[in-house]
Amino acid sequence: MRRIRIFDTTLRDGEQSPGASLNVSEKVVIAKQLDKLGVDIIEAGFPRTSQGDFEAVKLIAQEVRRPVICGLARTRDEDIDAAGQALESAENKRIHVFIATSALHMDKKLKMTPDEVIATAIRGVRRARRYTDDVEFSPEDCSRTDMDFMCRVCEAAIDAGATTVNIPDTVGYAVPQEIRQRISYLREKVPNISRAVISIHCHNDLGLAVANSLAAMEAGCDQIECTINGLGERAGNASLEEVVMAIWLRHENYMAETGINTREIWTTSRLVSDLTGIAVQRNKAIVGDNAFAHEAGIHQHGVISDRKTYEIILADDVGWKGEQLVIGKHSGKHVIEQTLKSRGYALNKDQLLEVTNRVKEAADRQKAITEEDVIAFANDILTTLTRDEQLVRLCELSVMTGNRFTPSATIKLAVGDREVLGTGTGIGPVDAAAHALQSIIHKELGPHLELKEYGLKAVTGGTDALAHAHIRFADDEGNSFRGEAINGDVILASVEAMVQGANRAVNFQKRKTPSEQGQQQTGER
Ligand code: KIV
Ligand code: ZN
């Protein structure tokens, strides 16, 4: 059996998904779960892009010791040095250097000749080798790169010290047959190819990322780059769970296996979905809610006689935990800790105590508490902004609503050491409260925030359920800021989520240097 390496890039390419930003502690929690899942390499971030990414890679390198921890870098010295420094204390480290090689990218983006690109790639790989013997090289937009030029640049990178060459289908343009041909060509034409592992990195713009990754494996690729839930730039990357389960189920066909503990897949998927705020679509292969549900009578009948009639994978094989455990008032810290652990959350003592207190408090108010609520409390604690970051705090909220008049809201916020009052009206109490909050933020602190997304979820069906609210604000420059909160009161949960989003926006504005304040800087916070 060939052993296929699983390179997980949820924390790097996955985090580039619109709307999927994660803070440092969330990234560490996910990295620990990826370790448990058994991935071979964790691409933990792009250290040069932000202080947050640098810190996350550094902390993951310190705390996650078994897998190889990888940092992404362009061929620039400062990128490679940042990756090298962030990875300093890793047990096993890799620097992933990339430069674009398609004619379109070289001409329009890099404004470099092919020879300059090769020379730059060589310099980048050599510099990365000063920090580690494990260097990956990617010719970006490879699936639209001239095949002979791809071979030249890969040969040069291997000569310079690259130990993995990765073939990215950056824009999700390729189809399986082309990928197979490209990998075969690379293996045939690059004389030193046996000194490197060949890797594949596919995007899902045509919905072919998994098929293309498997085609590459058939042609001789030994590493597959993928993400949990298929997160990633635009339409996402190849989904780890789909790639892994295809190899697992059809290992005799592929004569290949991975090191993944498939029973950790469901937990990892839910953890990533909870922390990024990006829901898994119900009918998603392997991890969607419907993946193991049977609706049609004929299917149900078949499954009752023998599951294999309509199921190729058992729910247990991926560690699916469908049932909702209701946590009682007297459940105590131990049950809560077990619940969190089984869902991949390793909280410290203080955080655990805080979750327990919040569960008790909600139970005291006769709330029905489910496993999802406990997870939401944990997320709330993990995403809590530091005291310094809480530039705005909610002091008071009152709303008036009814069927005979316009809903209105009054909000009192603490802005620094001042208390500021704002009012608003809207089509409902949440809308009215949003307007009140937006007007205070704009008047007092500058950002003009527009509510782009608002969602509310109550796990149990009853009116005693806890409300989970999530929002997304956008500022005038297109930056977007998310906020989440859980509360027994629907309106309070909504407003607390908005206050968190507003704080993220104000902190972002504060961190910008004076020159950046005039420039367009888009991104997700
Ligand atoms: O899609 C891409 O080309 C990438 C590279 C950095 C590998 O993500
Ligand atoms: Zn990518």
Side-chain angles (χ1 to χ4, degrees), residues 5-18 20 39 41-50 53 57 68-76 79-80 82-83 86 94-106 108-110 117 120-121 124-125 128 134-146 149-150 153-154 157 162-174 178-179 182-183 186 196-210 212-213 216 221 223-240 243 523-524:
R5 294 168 174 83
I6 297 295
F7 176 113
D8 180 277
T9 182
T10 307
L11 297 175
R12 200 277 299 167
D13 217 327
E15 211 224 358
Q16 287 173 222
S17 294
V39 307
I41 302 111
I42 296 176
E43 188 163 53
F46 191 164
R48 172 71 187 158
T49 51
S50 72
D53 249 39
V57 175
V68 174
I69 308 299
C70 175
L72 184 68
R74 289 167 297 186
T75 44
R76 300 180 183 180
D79 276 37
I80 294 164
R94 173 178 298 184
I95 299 180
H96 178 186
V97 179
F98 74 99
I99 188 164
T101 52
S102 63
L104 182 69
H105 277 231
M106 290 191 291
K108 303 283 184 217
K109 187 179 86 173
L110 299 175
V117 166
T120 311
V125 170
D134 186 347
V135 172
E136 174 167 329
F137 172 72
S138 285
E140 191 193 7
D141 200 19
C142 190
S143 54
R144 295 191 296 174
T145 294
D146 172 78
F149 185 60
M150 165 188 79
V153 75
C154 287
T163 44
T164 301
V165 284
N166 178 45
I167 303 304
D169 180 20
T170 304
V171 290
Y173 173 77
E178 275 167 5
I179 291 277
R182 192 168 276 278
I183 301 294
L186 188 78
V197 170
I198 305 175
S199 168
I200 187 76
H201 176 110
C202 295
H203 281 268
N204 207 29
D205 301 65
L206 289 174
L208 291 172
V210 171
N212 284 340
S213 304
C221 225
Q223 173 179 290
I224 299 180
E225 303 200 354
C226 43
T227 57
I228 301 296
N229 300 337
L231 292 180
E233 229 8 288
R234 305 179 311 279
N237 288 67
S239 132
L240 180 146
V243 165
E524 181 70 34

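Each ligand, and each atom within it, is numbered from 1 in the order the structure gives.
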Tell me whether Glu233 has at least one N, O or S atom under 2.8 Å from the Zn ion (ligand 2). no
Which heavy atom of Ala162 sits nearest to which heavy atom of Val125, and what is that distance? N-CG1, 3.4 Å
Should you measure from each heavy atom of [X], which atoms of ligand 1 turn up under 4.0 Å away?
X	result
Thr170	1 (O), 2 (C), 3 (O)
His96	7 (C)
Glu140	3 (O)

Quick check on Phe149: does its CZ atom have over 12 non-hydrogen neighbours (other residues, nucleotides or ligands) under 6.0 Å away? yes
Could you say whether the N/O atoms of Ser138 and ligand 1 ever approach to under 3.5 Å? no
Look at the rings of His96 and Phe98 and say which category their plane angle falls in: under 30° parallel, 30 to 60° tilted, over 60° perpendicular. perpendicular
Proximity of [X] to ligand 1 by residue part, where a heavy atom lies under 4.0 Å:
X	result
Glu43	neither
His203	side chain
Glu233	neither
Asp13	side chain

Please state which protein non-hydrogen atom is closest to atom 4 (C) of ligand 1 and give its distance, to 0.1 Å? His201 NE2, 3.5 Å
Identity and distance of the protein heavy atom lying nearest atom 5 (C) of ligand 1: Arg12 NH2, 4.0 Å
Atom name of the N, O or S atom of His203 nearest to the Zn ion (ligand 2) is NE2
Restricting Asp13 to its N/O/S atoms, the closest one to the Zn ion (ligand 2) is OD2
Mark yes or no for whether [X], through its side chain, and [Y], through its backbone, hold a donor-acceptor pair below 3.5 Å.
X	Y	answer
Asn204	Ala209	yes
Thr145	Ser102	yes
Asp8	Thr10	yes
Asp53	Phe46	yes

Could you tell me whether Glu225 and Arg12 have a side-chain N and a carboxylate O separated by less than 4.0 Å? no
Evaluate side chain to side chain donor-acceptor pair (under 3.5 Å) for Ser143 paired with Asp169, printing each intermediate quantity in order. CA-CA 5 Å; Ser143 54; Asp169 180 20; 2.5 Å; yes
